[in-house]
> 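One structure, pasted below without further comment.
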Amino acid sequence: MADRIIQLKKTVEAAPDESRYRIKYAELLNAAQLTAVTHRGGPILVIAGAGSGKTRTLIYRVARLIESGVPPGAILLLTFTRRAAQEMLRRVGQLVGDRGGEVAGGTFHSFANTILRGHGGPIGLQPNFTILDRGDMEDVINLIRTRMGLGSKERRFPKKGTLAEAISMARNKNRALDAELEADFAHLAEYRAEILALAANYDSYKRERGLLDYDDLLHRLAELIKHHAPTRQRLADTFRYIMIDEYQDTNAIQAELVRLLAATHRNVMAVGDDAQSIYSFRGANFRNIMDFPKLFEGAKVLKLEENYRSLQGILDLANEVIARAPEKYTKALFTRRAGDLRPLLVRTADEHTQSRFVAQRILELREEGVELGEIAVLFRSSFHAFDLELELQRRDIPFVKRGGFKFIETAHIKDVLAHLRVVANPSDAVSWLRMLMLAKGVGHRRAERMIEEMAGAAAPERALGAAAAKAGMRAAAAVEGCARLAALIGALRGEGRRPADQLAEVMDYYGPILREAYPDDYPKRERDLEHFQNIAERYRSLESMLADMALEPPNDSIGDVLATAPEEGYVTLSTIHSAKGLEWHAVFVIWAADGRFPGPMSVGAEEIEEERRLMYVASTRARDELYLSYPIYMFDRAMGYVMGRPSRFLEELDAAVLPTALVQEEEPD
DNA sequence: CTTCTCCCTGTTTTT
DNA sequence: CAGGGAGAAG
């Protein structure tokens with residue numbers, strides 16, 4: 001017997017009543033963008049090609065949610081740098097007014113930091129925990145390695161950097177260290193047992209002393225959400241809409257956090273571009289973004305392919321570069337921008353000629369009316385720009401350099417910070433160690449014994465003198481030095497002090513030590529410290545200053561010239577990694593030479609593919625003009641001067657896509 | 001145990 | 001080319 005058929009009527013979703021909204025979304029966005037922006041709830045993945053209005057889409061989505069009545073505080077915008085978050089929230093503010101400022105935004109790490117300081121109690125965290133940066137992490141590992149007697153044998157135990165890398169990589173990929181060693185550090189197989197023991201000791205060392213490294217921030221937050229139902233509930237109730245930018249550069253633990261945060265409401269939008277995944281050294285995998293629909297079953301997937309940034313010539317090059325990747329999931333970029341300017345592959349005699357070419361072209365651009373702020377020079381590695389920096393300085397071209405060297409990681413800044421960190425967290429043994437070793441007559445052995453003696457003391461500085469005596473310190477000068485240190489720490493611990501004043505006080509103590517330790521270049525270091533003093537003026541609490549220094553250290557080093565000519569803007573010198581998400585009228589990519597880009601460290605096929613994506617990112621930063629240059633003579637440590645060849649990603653390209661040019665000295669008259 | 005000196009290595013990218 | 005590590009002297 002046949003069932004009777006009941007016909008369900010097709011339900012037509014009522015078109016949203018656009019008159020409710022002040023912003024004319026349909027006029028400001030293309031169809032794909034509009035779909036993403038007006039997406040109300042549930043998981044959605046937006047694959048956004050370079051320059052396709054990714055940021056714009058995120059900003060308008062936030063505005064749309066707010067206009068739809070979602071409280072700004074219920075929106076969480078996770079970005080790759082806090083700079084990116086601030087910029088986006090500023091633009092949201094322009095659209096919807098002050099309420100935009102209530103949107104929660106930042107990096108995964110800064111978000112974790114905030115939550116853990118406020119609600120970390122249930123998993124045994126004090127709010128004053130110290131964040132270890134990579135250098136601190138290596139210091140601790142080194143300490144433990146020495147303690148375990150692993151360094152001093154005839155067998156060469158791996159160095160702290162390698163150990164830190166393996167331990168951190170395992171945690172970023174959210175897998176057991178054992179498995180990570182087997183997969184990616186096969187050459188360390190013979191030390192497997194010792195490394196596992198060391199990692200366990202490293203972990204307990206941190207837990208006992210209120211120390212969290214970068215990976216801990218993410219893992220402890222995941223732990224908190226998983227094991228503490230009230231917090232889980234509160235977070236889910238608070239952050240009801242989650243958006244993640246640059247999703248292609250998230251790693252396993254970050255994906256896990258996204259899953260946990262969005263588990264109840266599933267209102268999560270991820271935005272990214274697999275072709276721009278350039279952070280595998282941090283455990284990111286470009287395949288993660290394709291797995292998003294697995295993480296959130298039934299996720300809507302959307303592509304933005306129209307490019308609004310670059311001339312077609314630049315897109316042709318970028319498309320060609322990425323088309324040669326063996327594995328790719330997406331799209332060909334296209335634009336409607338008119339103009340037939342092509343990128344240019346520029347050959348120069350040597351590195352210095354390259355620098356002179358770049359400097360000269362920058363000056364010409366300025367003559368043509370291009371602002372310096374609309375010009376960038378990009379490179380694979382920070383040191384590639386050294387020669388250019390000198391040339392720009394010589395010609396009084398103001399610039400800022402982003403990426404690479406961070407002044408926060410220099411020894412003198414870390415020394416000064418150590419004094420402040422023990423004030424914030426007296427059980428921070430890493431900082432005690434660093435600080436005590438600066439004192440006369442104290443090496444790592446005595447410092448460690450003193451730290452043990454002081455452990456648990458309510459006011460460690462008062463126990464300092466006795467601890468020094470117990471550690472066998474006799475010399476009058478050394479005893480006096482410890483007394484001064486104790487007095488300093490005692491004074492710093494006073495209530496309600498301004499960080500800047502505390503820092504000034506540390507400087508009184510540290511100044512002479514600095515001069516003695518670096519007799520040849522202490523003036524430069526003193527200038528760094530003055531700069532640091534200026535930064536400290538911005539903070540009202542020591543804790544927030546220390547957290548910021550670890551989570552987003554001041555990254556720009558401003559060329560000396562800038563001070564004299566800030567009003568005309570400045571050229572940006574940046575690593576490609578730090579140029580992510582940015583764009584300029586004219587972009588130079590220097591050292592586009594095989595052996596530099598890709599660099600000598602890229603050997604495996606996976607690494608080469610990442611370098612390829614890096615080239616893709618670099619070239620898509622340009623709107624109108626793109627110059628890729630390389631020197632014909634380049635110095636190689638092993639082989640002396642060798643003939644430079646263009647980067648393999650550019651070499652096979654048709655001259656129609658990438659015309660070439662040779663830089664020549666002007667003929668003498 | 002600390003400090004000084006010499007030698008050697010090894011050199012991306014970043015939260 | 002500099003910073004770290006190892007080895008020797010104080």
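In what follows, chains are A, B, ... by sequence order, proteins preceding strands, each numbered from 1.
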> Once you round it to whole Å, what is the distance between P of B:dT15 and CZ of A:R83?
11 Å
> Using heavy-atom distances to pick each residue's nearest nucleotide on DNA chain B, tell me which of A:A550 and A:A447 is more 5'.
A:A447
> Between B:dC1, B:dT13, B:dT15, which nucleotide gets closest to the side-chain atoms of A:R282?
B:dT15
> Assess whether side chain to side chain contact (heavy atoms under 4.5 Å, CB included) is satisfied between A:I115 and A:L235, documenting all intermediate values.
CA-CA 9 Å; A:I115 302 300; A:L235 287 175; 3.8 Å; yes
> In terms of side-chain heavy atoms of A:E611, which of B:dT14, B:dC1, B:dT12 is nearest?
B:dT12
> Using only modelled atom types and a 3.5 angstrom limit, is any donor from either the side chain of A:R446 or the base of B:dT2 paired with an acceptor on the other?
no
> What is the distance from CE of A:M137 to C1' of B:dT14, rounded to the nearest Å?
14 Å
> To the nearest 0.5 angstrom, please state how far the CZ atom of A:R282 sits from the CG atom of A:N251.
7.0 Å
> Excluding sequence neighbours, so at least two apart, what forms side-chain contact (heavy atoms from CB on, under 4.5 Å) with A:E611?
A:R380, A:F597, A:P598, A:S602, A:L614, A:F649
> Consider the side chain of A:K159, meaning its heavy atoms from C-beta on, and name the nucleotide among B:dT14, B:dG10, B:dT12 that approaches it most closely.
B:dG10
> Enumerate the protein-to-nucleotides 3-8 of chain B contacts in which both atoms are nitrogen or oxygen and the separation is below 3.5 Å.
unit_1	atom_1	unit_2	atom_2	d
B:dT3	OP1	A:G441	N	2.9

> Rounded to whole angstrom, note down the P distance from B:dT12 over to C:dG5.
16 Å
> Send over the distance from A:M169 CE to B:dT15 C1', rounded to a whole Å.
13 Å
> Answer yes or no: does a side-chain N or O of A:S382 lie under 4.0 Å from OP1 or OP2 of B:dT12?
no
> Any base atoms under 4.0 Å from A:F383, or only sugar-phosphate, or nothing? Heavy atoms, all strands.
nothing
> Whole Å only: how far is the CH2 atom of A:W591 from the C1' atom of B:dT13?
18 Å
> Given side chain to side chain contact (heavy atoms under 4.5 Å, CB included), test A:T81 with A:E552 step by step and report yes or no.
CA-CA 8 Å; A:T81 62; A:E552 45 175 343; over 6 Å; no
> Report the distance from atom CD of A:E609 to atom P of B:dT13, rounded to the nearest whole Å.
21 Å
> So, for A:H577 and A:Y279, is the gap between ring centers shorter than 6.0 Å?
yes
> Just do the salt bridge (Lys or Arg N to Asp or Glu O under 4.0 Å) check on A:R175 and A:E180 with the steps written out, would you?
CA-CA 7 Å; A:R175 51 152 70 151; A:E180 175 59 29; 2.6 Å; yes
> Out of B:dT15, B:dT13, B:dT14, which nucleotide sits closest to the side chain of A:Y214?
B:dT15
> Please give, in whole Å, the distance from C:dG4 P to A:E138 CD?
10 Å
> Taking only the side-chain heavy atoms of A:T107 (C-beta and beyond), determine which of B:dT15, C:dG5, B:dT12 contains the nearest atom.
B:dT15
> Answer yes or no for this row: A:F281 ring on B:dT12 base, centroids under 5.5 Å, planes under 30°.
no
> Does the side chain of A:T575 get closer than 4.0 angstrom to OP1 or OP2 of B:dT14 through an N or O atom?
yes
> Answer yes or no on whether A:R645 is positioned over the face of A:Y630, meaning its NZ or CZ is under 6.0 Å from the six-membered ring centre and within 45° of the axis.
no
> Begin with the C-alpha distance, continue with both residues' side-chain angles, and end with the deciding distance and a verdict on side chain to side chain donor-acceptor pair (under 3.5 Å) for A:D133 and A:Y214.
CA-CA 7 Å; A:D133 66 21; A:Y214 288 140; 5.2 Å; no
> How long is the line joining CD of A:E606 and P of B:dT13, in whole Å?
21 Å
> Quick one: A:E165 CD to B:dT12 C1', roughly how many Å, whole number?
11 Å
